[in-house]
Amino acid sequence: MAAAFVGTVALGTGVGVWASSGGSGGKPGGGAPQSSLSGRVAGSGTAATSAASHTPGRSYPLSRAPGTIPAVRAFTPARGPGWKPQKSERVVVSDAELAGEGRLIAGELGLTYAGEKDDVRAGDVRLALGGGGGNQESYTVTVRDGRVGISGPGAAGVFYGTRTLKQEVHGGGTAPEGVVRDEPAKPVRGFMLDIARKPFTESWIEDRIRELGDLKFNELGLHFSDDQAFRIESSTHPEIVSADHLTKAQVKRIVDLANSRHITVVPEIDSPGHLGAVLAAHPDLQLRNASGVVTKGAIDISKPASAKLLDDLLNEYAGLFTGSQWHLGGDEYQALTVKNPQASYPQLAAAARQKYGSGGTVADLATGWLNDRAGTVRAHGKTMRAWNDGFYTGTSVQAAGDLQVAYWTGKELGARQPVEYLSAGRKVINYNDEFLYYVLGQPQTFVYPTGQRIYEQWNPRVLRGTTAVPARYDGQILGGTFAVWCDFPNAQTEAQVAAGIRMPLRATVQKLWDPGTPSLSWADFQRLSARLG
């Protein structure tokens, strides 16, 4: 397991909190001895017979690190029987803020949720906030004296601690005696779903949220607008909504469930390309070339009505999606894939010159469009990202500095290496289509990604193709997202998609939680996954 099997340990009193911010001192897996809760160093030569003193007359072997996905990053073993749930036992919390986490784990393990309690009983599972600053997703799980303590500086970390406990029990029946100290390497651990091309049911999406939560993912992207359909109810523009769509009530339930699992739902209304479904109801806003031929999926960004339409939608959905993240799209605007955009689209060239002076170009106009939409979303307190091919070179207008790069491809016209974005200081999220794109029907050169390939060959620094960027840029890579695209929506059923992405999701989150070489072989990782369910 990805943990340090160190010597015997004397456990003190109280529940410890590990809140390393990723520095060298307390970093898991950093090679330092694991500290006991009393502050003594494991393996320092102290006898550990007292660790099992609550069961006189019995001796226990030193515990082994739990088998979880993702693997815990540090474990201090101890001697003792561990903990297994009994129906008479309870989950208690030290903070009312943790009531949701407490009720959830109590229901999952068949325990009683007792709320805020100060008394201590045999068999208790206690959830607590504490530990000050540090990584809000870090947590500690302490198993000793027949009880479990789960703590962390933030509710998200405590939730992840309950996921570890759930996996320990489901995988082996017993949570091992000792202390887990854990935190993710990357703050963005995402799954993106294309519901525009293929409608997925509310129940299927909710099942994925439960799966993602148990695996410690923290983002769910919903790509709900494209050329094929617009899939969420709209009050500002009901004319654009496809017949098969999610109601706002359904989306609210999805968002609420995601929030309860500390998952941010990241919406995407892609523009100025991929707007075919919206433009079907607004043909006057379709982009036409100099010959009057409609350009597929592209909106005419020279027209003020185009900006108003998009801003109406962005403002409308900002309240429905309560999370802090937003995806603006920006990719594959067909006006910029021709040899001479200025000649092919004279109205765009004219608008660019009017707005940016005689040297203004269509790429300047598209960059300005992206910045304006970013301004609309920014006003709602969101952090924004856009696809890497929505950032253009050689423009006098620069993309807003706070736009994060969702890097997915290096195949576009004028493609740039990831280092160009990183060296400019941009933060990047890894959507590498070589490893992380599950495209229904496997069009063009796409093949269904395998968990094994991700597990053995990918890490967050592998942004394009199979080559990692230099380690000095690691801090700018926020994490990664595994994406399901539905180019041929009938190629697989919902059930087939769920089965097909099962192991790739697990491999992806393992490498986002800990980018290093996993301790388990792929075969052992598969067996662990089957045991955990």
Side-chain angles (χ1 to χ4, degrees), residues 192-200 221-232 234 237 239-242 244-246 266-283 285-289 293-303 306-307 309-314 316-317 321 326-338 341 345 348 362-363 365-367 369-374 376-377 384-392 399 403 405-409 411-413 431 433 437 439-441 443-444 446 481 483-489:
M192 195 226 74
L193 182 64
D194 171 14
I195 65 173
R197 295 177 178 88
K198 181 180 180 70
F200 287 84
L222 289 181
H223 178 92
F224 64 90
S225 169
D226 213 303
D227 294 338
Q228 293 77 4
F230 191 97
R231 297 287 186 189
I232 295 179
S234 173
H237 290 282
E239 73 281 359
I240 70 174
V241 180
S242 303
D244 194 344
H245 66 270
L246 296 171
V266 184
E268 181 191 357
I269 302 176
D270 201 348
S271 80
H274 292 279
L275 284 170
V278 171
L279 293 171
H282 293 271
L285 299 181
Q286 291 176 321
L287 178 64
R288 297 175 181 271
N289 66 14
V293 177
V294 170
T295 302
K296 181 183 177 181
I299 198 166
D300 190 335
I301 58 176
S302 70
K303 295 184 176 181
S306 296
L309 173 60
L310 262 294
D311 286 345
D312 285 348
L313 296 172
L314 295 174
E316 176 181 359
Y317 292 111
F321 293 98
W326 196 282
H327 201 318
L328 292 167
D331 64 312
E332 298 181 327
Y333 189 47
Q334 296 301 310
L336 287 165
T337 63
V338 298
Y345 298 96
L348 299 184
V362 175
L365 195 68
T367 302
W369 168 277
L370 188 65
N371 287 346
D372 289 344
R373 306 294 76 74
T376 300
V377 174
M384 302 140 299
R385 69 190 64 162
W387 298 115
N388 61 285
D389 51 331
F391 293 78
Y392 303 107
L403 276 176
V405 178
Y407 198 98
W408 71 281
T409 187
K411 303 180 179 73
E412 78 278 11
L413 186 69
Y431 288 75
D433 65 348
Y437 264 31
V439 186
L440 297 196
Q444 302 173 44
F446 288 107
T481 296
V484 170
W485 294 100
C486 303
D487 292 41
F488 290 91

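Below, all heavy atoms of this structure are taken into account, side chains as well, without hydrogens, waters or symmetry copies.
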What's the verdict on side chain to side chain contact (heavy atoms under 4.5 Å, CB included) for Ser225 and Asp270, showing C-alpha distance, side-chain angles and the deciding distance? CA-CA 7 Å; Ser225 169; Asp270 201 348; over 6 Å; no
Please assess Phe446 against Phe488 for the test ring pair (Phe, Tyr, Trp, His ring centres under 6.0 Å), listing each intermediate value before the final yes or no. CA-CA 12 Å; Phe446 288 107; Phe488 290 91; over 10 Å; no
Could you walk me through whether Leu403 and Leu370 pass the side chain to side chain contact (heavy atoms under 4.5 Å, CB included) check? CA-CA 10 Å; Leu403 276 176; Leu370 188 65; 3.8 Å; yes
I would like to know whether Tyr431 and Trp387 meet ring pair (Phe, Tyr, Trp, His ring centres under 6.0 Å); could you show each step before the answer? CA-CA 9 Å; Tyr431 288 75; Trp387 298 115; 4.9 Å; yes
In sequence, state the C-alpha distance, the side-chain angles, and the governing distance for Asp311 and Arg373, and then conclude on salt bridge (Lys or Arg N to Asp or Glu O under 4.0 Å). CA-CA 7 Å; Asp311 286 345; Arg373 306 294 76 74; 2.8 Å; yes
Working for side chain to side chain contact (heavy atoms under 4.5 Å, CB included), residues His274 and Tyr333: CA-CA 8 Å; His274 292 279; Tyr333 189 47; over 6 Å; no
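A donor-acceptor pair is defined here as one N or O able to donate and one able to accept, closer than 3.5 Å; such a pair exists between the side chain of Asp194 and the backbone of Cys486. No donor-acceptor pair under 3.5 Å is formed between the side chain of Glu268 and the backbone N or O of Val266. Looking only at distances, a side-chain donor or acceptor of Asn388 sits under 3.5 Å from a matching main-chain atom of Thr409. Remark: side-chain polar atoms of Arg231 are not paired, donor with acceptor, to backbone N or O of Phe224 under 3.5 angstrom.
Rounded to the nearest 0.5 angstrom, Ile195 CD1 and Ser242 OG are separated by 10.5 Å. Atom CG of Leu222 and atom CD1 of Ile232 lie 6.0 Å apart (nearest 0.5 Å). In this structure, the separation between OH on Tyr345 and CD1 on Ile301 is 11.0 Å, given to the nearest 0.5 Å. To the nearest 0.5 Å, atom CG of residue Leu279 and atom CD1 of residue Ile240 are 9.5 Å apart.
Side-chain contact between Ser234 and Leu313 is present, with at least one heavy-atom pair separated by less than 4.5 Å. With a 4.5 Å cut-off on side-chain heavy atoms, Gln228 and Lys198 do not count as touching. Residues Trp326 and Leu314 form a side-chain contact, since some pair of their non-hydrogen atoms from C-beta on lies under 4.5 Å apart. Contact of the Leu328 side chain with the Ile269 side chain is not registered, since no non-hydrogen atoms from C-beta on lie closer than 4.5 Å. Using a 4.5 Å heavy-atom threshold, the side chains of Leu310 and Ile299 count as touching.
Looking only at atom types and distance, the side chain of Tyr407 has no donor-acceptor partner in the side chain of Arg385 under 3.5 Å away. Using a 3.5 Å distance cut-off with no hydrogens or angles, the side chains of Ser302 and Asp300 do pair a donor with an acceptor. A donor-acceptor contact closer than 3.5 angstrom links the side chains of Asp389 and Trp408. There is a side-chain donor-acceptor pair under 3.5 Å between His237 and Asp312. Side-chain contact, Gln286 with Thr295: no donor N or O sits under 3.5 Å from an acceptor N or O.
Using a 30° and 60° split on the angle between ring planes, Trp485 and Tyr437 fall in the tilted class, from 30° to 60°. Aromatic ring pairs are classed by plane angle as parallel below 30°, tilted from 30° to 60° and perpendicular above 60°; the pair Tyr317 and Phe230 is tilted.
More than 12 heavy atoms of other shown residues, nucleotides or ligands fall within 6.0 angstrom of atom NZ in Lys303.
Ion pair Asp226/Arg197 flagged as a salt bridge, since at least one NZ, NE, NH1 or NH2 atom sits closer than 4.0 Å to an Asp/Glu carboxylate oxygen.
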